[in-house]
Protein chains: 2
Amino acid sequence: MTPAPGTDHRTLPRRRGAALNSAIFEAVRAEIAESGYAALTMERVAERARASKASLYRRWPGRAALVLDAAYDAMPDYSSAPDTGSLRGDVLALMRQIVLLLEGVVGEAMIGLLGESLQNPDAAAQIREFGRGNMVRTMREIVGRAVARGECEAGLVTERRLEAGPALLRQRVMFSGLPVGDDYLQEVVDDVVLPLFGVRPEAQPEG
Amino acid sequence: MTPAPGTDHRTLPRRRGAALNSAIFEAVRAEIAESGYAALTMERVAERARASKASLYRRWPGRAALVLDAAYDAMPDYSSAPDTGSLRGDVLALMRQIVLLLEGVVGEAMIGLLGESLQNPDAAAQIREFGRGNMVRTMREIVGRAVARGECEAGLVTERRLEAGPALLRQRVMFSGLPVGDDYLQEVVDDVVLPLFGVRPEAQPEG
DNA sequence: CCAATAGAGAACTCAACGTTTTCTAACGGG
DNA sequence: CCCGTTAGAAAACGTTGAGTTCTCTATTGG
């Protein structure tokens, strides 16, 4: 049973460190995209990444930690909030970014992880911070600029109002599962976000 | 190995039909309350309900269907929307109801089920309808009465505005996991819901 | 009172978990 | 450039829970 030359895995090139890590993350995301978080198994990930289960478990204590890292690895850089010159344009731009994220593998991973980690407060806290902090933080920045421009009054800016847009969006993508078209985003902005900050939608240019 | 008289299960009283059903639902909810949805196993449910796995599988195809039914079984009757005489009072009352539901076993079951059923559109649709329809429907009724009373203009009532309050609440309970005190509910109502419907909070009596 | 129904419990197969072992490629210090 | 150390691949293993099937019997409707 000597393997044919070149097919014995022990003679094949072997990845390590960051290269192996990336291959594993890629495999995790491919599995989630293909079959969803619930159907993801460590064995399939290992096989897909041509890695061994032992390597996975040396790096992560289990499925949840692995998927969380794989999701973080796929997160775009949020450092720059949109700056289109109008509150309407900025909010629309931000929402488009958020939707892209939530509708993909990252959103699917978040729901799955959350359901599995509710019992573990530390893990749940990590997952929460994952997407939430960024959204509201960016909203604050955007609205802050609108206040500076004189587009809206500082007195109208409260935590709940900053959260309203992102909350509607998350609910739409994660709970209702309905498609989020640009017309939907405009409804959220024009019916909810702008009125809450005292901005008349029709006075604003198309975002 | 003849069992002592009275301990042979085959001679014990045996439940059927609705009685057994209730015992199983109770066991499911107790397991979720104790260890969460993720840790729930059919074997533990069977043991806790003093039922057999075969009985479980005769009634439900799997964990998800069982838990969904157990959650429905725990749903209060939503037929009557609150009617306190003011929009503010009605919205606060509704939100208090919703929070009680989401913070308990039902909320935990919903997140777990959702995460596990994303890949199955039919199942996901069932879960969505579970809590969502009711909330917005009740909001519509409440706001409709406010319009009839002349408290707010009919033109301000849109789908997105009706969803905003429930969305914030759901986000708070399910994603942030932070406690929802009455002060939080009042912020949601006074900062977001009432302004969206053109009602001045300070003109309203305490709900 | 009897036949049909449905439940309890146990045994079973299968899949995935998480661990351990063996062998060896890749890397780094001298 | 060699050699010891580190870390990866594959395979095998014990364990747990899923879902099924079997036997025996309590319950029930006729």
Side-chain angles (χ1 to χ4, degrees), chain A residues 1-28 31-32 34-67 112 116-117 119-120, chain B residues 1-28 31-32 34-67 112-113 116-117 119-120 123:
Chain A
M1 264 307 177
T2 303
T7 61
D8 184 345
H9 62 275
R10 283 163 301 188
T11 72
L12 289 174
R14 204 183 269 180
R15 297 151 306 175
R16 304 187 155 207
L20 182 54
N21 243 298
S22 300
I24 294 170
F25 287 156
E26 206 48 60
V28 168
E31 284 291 319
I32 290 176
E34 208 173 283
S35 321
Y37 175 81
L40 180 138
T41 74
M42 297 299 265
E43 265 160 6
R44 286 178 62 91
V45 169
E47 189 187 4
R48 182 161 210 148
R50 285 175 306 111
S52 70
K53 282 204 293 175
S55 297
L56 298 188
Y57 284 106
R58 189 176 307 116
R59 286 147 194 256
W60 298 278
R63 218 163 65 120
L66 167 57
V67 172
E116 234 179 49
S117 310
Q119 223 59 18
N120 180 344
Chain B
M1 263 306 178
T2 304
T7 60
D8 184 345
H9 61 276
R10 283 163 301 188
T11 71
L12 290 173
R14 204 182 270 179
R15 296 151 305 174
R16 301 189 157 207
L20 182 54
N21 244 299
S22 300
I24 293 170
F25 288 155
E26 205 49 59
V28 168
E31 284 290 320
I32 291 177
E34 208 173 284
S35 320
Y37 175 81
L40 180 138
T41 73
M42 298 299 263
E43 264 162 7
R44 286 179 62 91
V45 169
E47 188 187 4
R48 181 161 211 148
R50 285 174 306 112
S52 70
K53 280 205 293 175
S55 298
L56 265 47
Y57 283 106
R58 190 176 307 117
R59 287 146 194 258
W60 299 278
R63 219 163 65 121
L66 167 58
V67 172
L113 285 171
E116 235 179 49
S117 310
Q119 224 59 18
N120 179 343

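We use all heavy atoms of the structure for the numbers below, so side chains are in, but hydrogens, waters and symmetry mates are not. Here is how names work: the chains are called A, B, and so on, in the same order as the sequence lines, proteins then strands, and each is numbered from 1.
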### Sidechain-backbone polar pair: S52(A) side chain, S55(A) backbone, donor-acceptor under 3.5 Å
yes

### Message
Whole angstroms only, please: what is the CD-P distance between E116(B) and dG17(D)?
### Response
15 Å

### Query
Can you name the side chain to side chain donor-acceptor pair (under 3.5 Å) partners of E26(B), sequence neighbours left out?
R29(B)

### Task
Identify, residue by residue, the members of residues 38-52 of chain A with a heavy atom below 4.0 Å from DNA chain D, and return them in order of residue number, or none.
R50(A), A51(A), S52(A)

Donor-acceptor contacts, no H, no angles, side chain residues 38-45 of chain A, under 3.5 Å, sequence neighbours left out:
{"unit_1": "T41(A)", "atom_1": "OG1", "unit_2": "R44(A)", "atom_2": "N", "d": "3.0"}
{"unit_1": "E43(A)", "atom_1": "OE2", "unit_2": "K53(A)", "atom_2": "NZ", "d": "3.0"}
{"unit_1": "R44(A)", "atom_1": "NE", "unit_2": "E31(A)", "atom_2": "OE1", "d": "3.0"}

### Query
Which pairs with one or both residues in residues 57-67 of chain A pass salt bridge (Lys or Arg N to Asp or Glu O under 4.0 Å), sequence neighbours excluded?
R63(A)-E116(A)

### Message
If the condition is side chain to side chain contact (heavy atoms under 4.5 Å, CB included), which residues does A23(B) pass it with, not counting sequence neighbours?
### Response
R15(B)

### Message
Within residues 54-64 of chain B, which residues have any heavy atom lying less than 4.0 Å from an atom of DNA chain C?
### Response
A54(B), S55(B), R58(B), R59(B)

### Message
I'd like to check the salt bridge (Lys or Arg N to Asp or Glu O under 4.0 Å) partners of E34(B); sequence neighbours left out, ordered by chain and number.
### Response
R48(B)

### Query
Quick one: does I24(A)'s side chain get under 4.5 Å of W60(A)'s, heavy atoms only?
yes

## Note on the structure
By nearest-heavy-atom nucleotide on DNA chain C, the more 5' of K53(B) and L20(B) is L20(B)

Every protein N/O lying under 3.5 Å from an N/O of nucleotides 27-30 of chain D:
{"unit_1": "dT27(D)", "atom_1": "OP1", "unit_2": "R14(B)", "atom_2": "N", "d": "3.2"}
{"unit_1": "dT27(D)", "atom_1": "O2", "unit_2": "R16(B)", "atom_2": "NH2", "d": "3.2"}

### Query
To 10°, what angle do the rotation axes through the five end pairs on each side of the helix from dC1(C)-dG30(D) to dG30(C)-dC1(D) form?
30°

